Amino acid sequence: MNARGAVFASIALVSGCDRVFGVHGAADGGPIDAPADAGPIEPCSSITMLSDPFDTDDIATRWPTSYATNDLTDKYLVKDNELQLFNLVPDGHVIISSPFFFDFRGKKFSFKLTDNGSLANNAGQLVFSLDSTHFVHDVANNARRQRHLDIYRFGTRIQARATTDSGSIAMLADLDYDPTAHAYVRIGLEGTQAVFETSPDGVAWKKQGSTLYDGMDFVQVKFDAYRNPLGGEVAVSISDILGGVANGTACKMNTLVDTFDGTELTELWANSVQNIATMSVGNGLLHVDTPDFRAAGTPSLAVLASSLPYDLSNSEVVIDVVQPLAVDAAKYIRFAIGEYAKNDLQMTLTNGRLTVLAVQAGQPPGSPLYDQLYDPATQHWWRIQNTTAGTTFDVSADGKTWATLALNVSTTPPAIGLVTMAVGSGSPDPDEARFDNVNSAPP
């Protein structure tokens with residue numbers, strides 16, 4: 001399952017927002033309670049930004065969607081508390097990107113850049129992006145938001161740009177690059193402005209430019225080091241991302257609440273994707289339609305994915321599968337919590353059978369923990385719950401009385417992960433699945 005690159009990972013985060021945003025459903029019974037042994041609910045905040053001190057060489061944890069044009073020569077590695085990017089092949093890219101989106105409302109992002117002179121004489125460039133291109137509310141026509149803030153470092157220049165939904169670009173700053181005065185760079189939002197700042201030490205900042213900007217909500221973080229076809233080798237280093245300090249507490253998974261009472265998906269699901277299949281909200285339900293795939297020539301897929309990661313430990317996530325797809329080996333519904341390339345917990349319905357799977361990082365999936373015929377009358381509420389005893393996969397007829405299908409104690413649950421519901425079909429028969437009550441207790 002892949003939601004914008006299978007956006008799962010365990011990462012260090014910092015927090016700057018003191019409430020859970022976009023919560024719905026209190027009128028319908030309120031959020032699902034945490035497991036009985038969870039203890040008091042600890043304060044949490046919506047995750048606001050990635051931070052990385054680069055104090056370990058485990059780049060795959062925080063940056064699992066990294067990419068190099070030529071894996072044999074182009075490199076990315078962590079060394080001496082720096083992220084080092086090397087382009088040894090002409091016309092090559094080394095791209096490091098975050099797996100999650102982060103809440104960026106009213107925030108700024110800073111880092112230290114060292115290019116070792118390798119970007120002089122237009123040998124190549126480093127592009128840093130805060131990308132807010134994602135699936136957004138107008139799901140009927142697959143609208144996508146395309147805002148992003150970028151920093152370009154090339155030749156003798158350093159530039160900062162702001163791009164709007166329409167694709168228009170405002171230049172925040174275009175400066176002669178000074179490796180001392182511009183050692184640290186920062187870009188972000190300040191009131192109604194997008195701003196770009198520089199600093200010699202990461203403490204005293206100078207505003208270099210700004211423009212009126214309509215804001216950004218959730219962003220993905222990306223560094224792209226590029227070598228020109230005729231350029232020399234490019235070697236750049238990134239360090240002190242947001243000072244390299246991580247703090248804050250991710251919200252428990254049961255605080256993600258949606259009863260789909262509006263007419264569109266909310267910001268809770270900005271990470272969602274749809275390919276051929278379409279998602280819409282109406283009559284208090286999430287509708288996922290899968291058309292005949294033959295016209296498009298590819299199976300249809302829709303993934304409802306939470307914008308932000310949540311903490312499963314001593315918590316739970318619930319969804320009501322109001323109407324599954326028809327019994328067909330080419331159709332499936334998958335409910336999952338996961339970390340990219342790490343632990344993944346899944347409940348999957350396909351061809352009339354409900355299966356449960358716990359995937360351990362670096363291990364093959366193994367045998368299902370549960371695999372039986374599905375009963376839509378008694379099993380349409382699904383729950384993944386973590387307690388001190390382990391992680392259970394449960395079903396219910398009414399969302400109140402639960403039956404445990406499987407208990408998993410051998411696989412570490414995702415410490416922080418996305419909540420996803422995927423609907424896919426490779427069948428020529430059009431179909432529709434319907435969902436309701438994400439973590440909302442029935443009345």
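Values in this document were obtained by computation on a predicted structure and should not be read as measured data.
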With distance as the sole criterion, is a donor-acceptor pair present between the side chains of [X] and [Y] under 3.5 Å?
{"X": "His287", "Y": "Asp289", "result": "no"}
{"X": "Ser315", "Y": "Asn254", "result": "yes"}
{"X": "Asn386", "Y": "Ser313", "result": "no"}

Check: Are the aromatic ring centres of Phe128 and Tyr152 under 6.0 angstrom apart?
Finding: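 No; Tyr152 has its ring centre 6.0 Å or more from that of Phe128.
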Item to check | Set of side chain to side chain contact (heavy atoms under 4.5 Å, CB included) partners for Ile238, sequence neighbours left out | outcome: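 Applying side chain to side chain contact (heavy atoms under 4.5 Å, CB included) to Ile238 gives Leu83, Phe111, Leu113, Leu126, Phe223, Ile241.
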Of all pairs that satisfy salt bridge (charged side-chain N to carboxylate O under 4.0 Å, His left out), the ones with a partner from residues 290-305, not counting sequence neighbours: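 Qualifying pairs: Asp292-Arg294.
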Quiz item: Quick one: CG on Asp394 to CD on Gln385, what's the gap to the nearest 0.5 Å?
Solution: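 Reported value, rounded in 0.5 Å steps: 6.0 Å.
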How long is the span from the CG atom in Asn408 to the CG atom in Leu369, to the nearest 0.5 Å?
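Here the interatomic distance stands at 5.0 Å.
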*asked:* Tell me whether Ser272 contacts the main-chain N or O of Ala305 through its side chain, where contact means a donor paired with an acceptor under 3.5 Å.
replied: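 Here the side-chain-to-backbone pair exists.
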- Query: Does the Gln323 side chain pair with the main chain of Glu432, one donor and one acceptor, at a distance under 3.5 Å?
  - Reply: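 Checked: pair present.
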Q: Measure from NZ or CZ of Arg334 to the centre of the six-membered ring of Tyr332 and say whether it is under 6.0 Å with the direction within 45° of the ring axis.
A: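 Positive - Arg334 is close enough to the ring of Tyr332 and near enough to its axis.
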Testing the basics here: between [X] and [Y], what is the closest heavy-atom pair and its distance to 0.1 Å?
{"X": "Gly399", "Y": "Pro442", "result": "O-CD, 3.7 Å"}
{"X": "Asp398", "Y": "Trp381", "result": "C-NE1, 3.5 Å"}
{"X": "Asn87", "Y": "Tyr226", "result": "OD1-N, 4.0 Å"}
{"X": "Leu357", "Y": "Pro368", "result": "CD1-CA, 3.9 Å"}

Is a salt bridge present between [X] and [Y], judged by a nitrogen-to-oxygen distance below 4.0 Å?
{"X": "Lys112", "Y": "Asp240", "value": "no"}
{"X": "Glu233", "Y": "Arg227", "value": "no"}
{"X": "Asp431", "Y": "Lys331", "value": "yes"}
{"X": "Asp311", "Y": "Lys252", "value": "yes"}
{"X": "Asp131", "Y": "Lys222", "value": "no"}

Using the ring of each side chain (for Trp, its six-membered ring), is Trp382 parallel, tilted or perpendicular to Phe335, with breaks at 30° and 60°?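 Plane angle between 30° and 60°, so tilted.
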Report task. Could you check Asp150 against Ser129 for side-chain hydrogen bond (donor to acceptor under 3.5 Å, both in side chains), going step by step and ending with a plain yes or no? Result -> CA-CA 4 Å; Asp150 307 296; Ser129 296; 2.6 Å; yes
